[in-house]
Participant: 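Dumping the structure here so I can ask a few things about it.
Counting starts at 1 for both ligands and their atoms, in listed order. Everything quoted here is computed from the prediction, not taken from an experiment. Throughout, numbering of the chain's residues begins at 1 and tracks the sequence.
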Amino acid sequence: MKLALIQMDIAFGLPEVNRAYVKNQVEKIVAQGQVDLIMLPELWTTGYDLTRFNEIAEDNGQDTITFIADLARKHQVHFVAGSIANRKHDKFYNTLIVINSNGEVEKQYDKAHLFRLMDEDKYLAEGEDQGLFILNNYVSAGVICYDIRFPEWIRTHMLNGAKLLYVVAEWPKARIDHWRTLLISRAIENQCYVIACNRVGEDANNRFGGHSLVVDPWGKVVAEAAEEPTTLYAEIDMLEVDRIRKTIPVYQDRRANLYRLQK
Ligand SMILES: NC(=O)CCC(=O)C(=O)O
């Protein structure tokens, strides 16, 4: 499977500017040769302009769904279309959107773990569902940024059949060593591919660290970006997941009956 991760800067609170940038990047990517999947970062239409979500959030993700579905159909490419500011039932969510190459929505996942250090808990509602979906015939999990600090959340998706973990993020440079270590750890412990798209640039509170990564199920970094706006390309072989899971059979060797809290 051939992947292209758009590691972009984000124009704060300006969805139209960000959409124009993404359209341009997607056209450049497909002009260079066919890829199977394109990925975008967290809150890529607005950035963390949380105090203006009332004005700029989309109703049920409709603007982004229409925009990405057109690109997906036109270029016959799947999208893990980052996350967006989403209004549902009078609440705001940070919602990951997945669209297949026919332009159909495969998944909308609302961020489950809200990140207090960036005020998400003050403005957003927590998601209540898992990020499991099937894309390009593979059972996959999609999570958002801070979610990767919860190994039990990722493991739950793997026990439900995922072999790939997509992570969309706005991860600050100040903790970029955590980002790399957590992503590589999630790949090793779950024996899955980890495909992680971060942003670059800055807003009033944070400088974002880039280093989008593709990690194989052995924990080897297949591709890594630096800290500039770029498109990160990678090719992955899904048979590798089965090979690694056979070599060290951690899913068979789990002792689930022991993993419980002491009273
Ligand atoms: N956008 C986020 O969820 C950031 C998470 C983060 O920075 C962390 O350290 O965790």
Participant: Between Met118 and Asn205, is there a side-chain heavy-atom distance shorter than 4.5 Å?
Facilitator: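 Result no, sub-4.5 Å side-chain heavy-atom pair not found.
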
Participant: Quick check: do Met8 and Trp44 have side-chain heavy atoms less than 4.5 Å from each other?
Facilitator: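 Yes, side chains in contact.
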
Participant: Considering only heavy atoms, does Tyr146 approach ligand 1 within less than 4.0 Å through its side chain, its backbone, both, or neither?
Facilitator: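 Both parts.
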
Participant: Mark the output for Trp179 as yes if a heavy-atom distance to ligand 1 is under 4.0 Å, and as no if none is.
Facilitator: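 In this structure, Trp179 fails to qualify as a contact of ligand 1 - no heavy atom is under 4.0 Å.
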
Participant: With heavy-atom distances below 4.0 Å as the criterion, list the atoms of ligand 1 near Tyr48.
Facilitator: 1 (N), 2 (C)

Participant: What is the closest protein heavy atom to atom 10 (O) of ligand 1, and at what distance does it sit?
Facilitator: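 Residue, atom and distance for the closest contact: Arg149 NE, 2.7 Å.
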
Participant: Which of the numbered atoms in ligand 1 are below 4.0 angstrom from a heavy atom of Arg175?
Facilitator: 6 (C), 7 (O), 8 (C), 9 (O)

Participant: Do any N or O atoms from the side chain of Glu42 and from the backbone of Thr95 form a donor-acceptor pair under 3.5 angstrom?
Facilitator: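 Side chain of Glu42 to backbone of Thr95, a donor-acceptor pair under 3.5 Å: no, none is there.
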
Participant: Which atom pair, heavy atoms only, marks the closest approach of Ile56 to Thr46?
Facilitator: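 Looking at all heavy atoms of both residues, the closest pair is CD1-CG2, 3.6 Å.
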
Participant: I need the contact type for Glu42 against ligand 1. Using non-hydrogen atoms and a strict under-4.0 Å cut-off, is it side chain, backbone, both or neither?
Facilitator: side chain

Participant: State, to 0.1 Å, how close Leu183 and Ala196 come at their nearest heavy-atom pair, and which atoms those are.
Facilitator: CD1-CB, 3.6 Å

Participant: Which residues pass the ring pair (Phe, Tyr, Trp, His ring centres under 6.0 Å) test with His157, not counting sequence neighbours?
Facilitator: Trp153

Participant: Any side chain to side chain donor-acceptor pair (under 3.5 Å) involving residues 161-171? Give me the pairs, sequence neighbours left out, ordered by first then second residue.
Facilitator: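 Passing the test, one end in residues 161-171: Lys163-Asp242, Glu170-Arg199.
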
Participant: Where on Lys111 is there a heavy atom closer than 4.0 Å to ligand 1, on the side chain, on the backbone, on both, or on neither?
Facilitator: side chain

Participant: List every atom of ligand 1 that sits less than 4.0 Å from any heavy atom of Cys145, numbering the atoms from 1 in the order shown and giving each element.
Facilitator: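 With Cys145 as reference, the close atoms of ligand 1 come out as 1 (N), 2 (C), 3 (O), 4 (C), 5 (C).
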
Participant: So is Glu120 polar-close to ligand 1, meaning N/O to N/O under 3.5 Å?
Facilitator: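 No, since none of the N or O atoms of Glu120 sits under 3.5 Å from an N or O of ligand 1.
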
